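Heads up, the thing below is written out as structure tokens.
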Amino acid sequence: MQQREEKQLEAAVESLVSRVAHVKNALHSFIYKLENEYERLTWPSVLDNFALLSGQLNTINKLLKNEKTPSFRNQVIIPLLLSPDRDEDLAKLTEQRVPVFSHEIVPDYLRTKPDPEVEEQEKQLSAEAARIGPEVAQKQIQTLNKLCSNLLEKLNNPRDDRDAESAAIRQNKPSFNPADTNALVGAVAFGKGLSKCRPPGPVAPGHPGQGPMMSGGPTLQQVTIGGGSSQQAGMGGHVAPQQQGQPGKMPSSIKTNIKSASGSMHPYNR
């Protein structure tokens, strides 16, 4: 009886190893395509690779759930020898993936449960799922299904239909204001709405010699003293010397003489 169970276990292990080898080859081929043939890789080809991997994993699950397959949960693997040195036989069996069977890698390779962090996350997700009632869960499922259905419809629609819909949307939504356009055309073409006031600026000077005339006889409006002492002596009276740095400034005495003679005679005719 014991020999029979051992033979069944060996046959199940060999079949399982063969199935896992197929999965490994499929993964290796898919990864090679992703790394080296990504420019020529199409989405249908990617879906075919995923379908192949999914089918192989389903086959392994059916094999494990088969009645003739012994329960692997009852089998315990115990490491008999742990060494930090390189093991060539182990490296050859694992295709150079596990060259050393040491205390560092044994907890990872012989683990039968997820990591503690992963277990904690699973507990949190399970507790959150338990808090959601059946009605709320059903509403969320319906909402998700509706979103997926709308997305599938958009993806399945031909490209021409999508272009026609986008063109119709663009036609229905004008990108300008007709009133503003008409006002701009009227202002440019006919001056409609423009202000008639002139902009503020300097007044144009008049013709020379047309200054304002004052009543009461001739009047000297401006006197420029550019000469020396001889011209100042001919004016009569004492004239203060011209200050340096102020050319063309009329002395106060000349201003007095001009004012006194404005009604009778010119000061230069004395």
Side-chain angles (χ1 to χ4, degrees), residues 1-132 137 140-141 144 148 151-152 155:
M1 185 68 179
Q2 187 176 359
Q3 292 179 355
R4 183 179 178 180
E5 292 178 355
E6 290 178 356
K7 289 181 180 181
Q8 289 180 353
L9 180 61
E10 290 178 359
V13 170
E14 290 178 359
S15 178
L16 183 60
V17 170
S18 176
R19 300 295 182 182
V20 172
H22 290 311
V23 175
K24 183 191 70 174
N25 293 333
L27 283 172
H28 184 270
S29 177
F30 186 39
I31 292 173
Y32 179 82
K33 291 179 181 179
L34 291 176
E35 292 179 351
N36 300 285
E37 301 178 0
Y38 58 91
E39 295 181 354
R40 302 188 303 272
L41 196 62
T42 60
W43 181 244
S45 178
V46 174
L47 294 179
D48 292 341
N49 284 273
F50 274 114
L52 178 61
L53 292 171
S54 178
Q56 291 175 347
L57 292 175
N58 289 330
T59 302
I60 293 176
N61 289 330
K62 291 180 180 178
L63 178 63
L64 294 174
K65 294 178 181 180
N66 193 359
E67 296 178 356
K68 296 182 179 180
T69 302
S71 178
F72 290 98
R73 296 179 180 273
N74 299 329
Q75 308 296 327
V76 181
I77 300 176
I78 300 175
L80 301 177
L81 179 62
L82 299 177
S83 175
D85 300 330
R86 181 181 177 86
D87 189 350
E88 296 297 338
D89 295 336
L90 181 62
K92 185 178 180 180
L93 290 173
T94 59
E95 298 181 356
Q96 306 299 325
R97 289 186 176 86
V98 187
V100 178
F101 203 63
S102 62
H103 295 78
E104 184 179 359
I105 66 173
V106 163
D108 294 331
Y109 283 93
L110 300 184
R111 183 186 297 276
T112 57
K113 291 184 178 181
D115 294 337
E117 297 178 357
V118 177
E119 287 185 349
E120 186 65 25
Q121 292 179 359
E122 287 184 353
K123 290 180 181 179
Q124 293 178 0
L125 293 175
S126 299
E128 185 177 356
R131 286 196 301 268
I132 299 176
Q140 292 180 356
I141 292 172
L144 180 60
C148 293
L151 181 60
L152 289 175
L155 293 176

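Reckoned from all heavy atoms, side chains included, excluding hydrogens, waters and symmetry mates. Source: prediction; values computed, not measured. The chain is numbered in sequence order, starting from 1.
Note that CD of Glu37 and CD of Glu39 are 10.5 Å apart. Values are rounded to the nearest 0.5 Å. Taken from CD in Glu95 to NZ in Lys24, the straight-line distance is 3.5 Å, to the nearest 0.5 Å. A distance of 7.0 Å separates CD of Gln124 from CD of Gln121, quoted to the nearest 0.5 Å. We find the CG-CG distance between Leu27 and Leu53 to be 5.0 Å, quoted to the nearest 0.5 Å. Expressed to the nearest 0.5 Å, how far CD1 of Ile60 lies from CZ of Arg19 amounts to 8.0 Å. Atom CD1 in Ile31 sits 11.5 Å away from atom CG in Asn36 (nearest 0.5 Å).
Remark: side-chain polar atoms of Ser18 are not paired, donor with acceptor, to backbone N or O of Glu14 under 3.5 angstrom. Although no hydrogens or angles enter the test, the distance criterion places no donor-acceptor pair under 3.5 Å between the side chain of Asn66 and the main chain of Lys62. Ser126 places a side-chain N or O within 3.5 Å of a backbone atom of Glu122 that can act as its donor or acceptor partner. A donor-acceptor pair under 3.5 Å is formed between the side chain of Thr69 and the backbone N or O of Leu63.
Scanning all heavy atoms of the two residues, the minimum distance from Ser102 to Leu82 falls at O-CD2, 4.3 Å. The two residues Arg111 and Pro107 have their closest heavy-atom pair at CB-O, 3.1 Å. Minimum heavy-atom separation, Pro114 to Glu119: O-OE2, 3.6 Å. Closest approach of Leu52 to Ala26, counting heavy atoms only: CD2-CB, 4.1 Å. Across every non-hydrogen atom of Val106 and Pro79, the tightest pair is CG1-CG, 4.2 Å.
Between Tyr109 and Ile77 there is no side-chain heavy-atom pair separated by less than 4.5 Å. At a threshold of 4.5 Å between non-hydrogen side-chain atoms, the residues Ser45 and Asn49 count as touching.
More than 12 non-hydrogen atoms from other residues, nucleotides or ligands lie less than 6.0 angstrom from CG of Leu152. Under a cut-off of 6.0 angstrom, the local environment of CD in Glu104 is sparse, with at most 12 non-hydrogen atoms contributed by other residues, nucleotides or ligands. Other residues, nucleotides and ligands place more than 12 heavy atoms under 6.0 Å from the CZ atom of Phe72.
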Set out, in order, the CA-CA distance, both residues' side-chain angles and the distance that settles side-chain contact (heavy atoms from CB on, under 4.5 Å) for Phe101 and Leu90, then state yes or no. CA-CA 8 Å; Phe101 203 63; Leu90 181 62; 3.6 Å; yes
Give the intermediate values and the outcome of side-chain contact (heavy atoms from CB on, under 4.5 Å) for residues Leu16 and Leu64. CA-CA 8 Å; Leu16 183 60; Leu64 294 174; 4.1 Å; yes
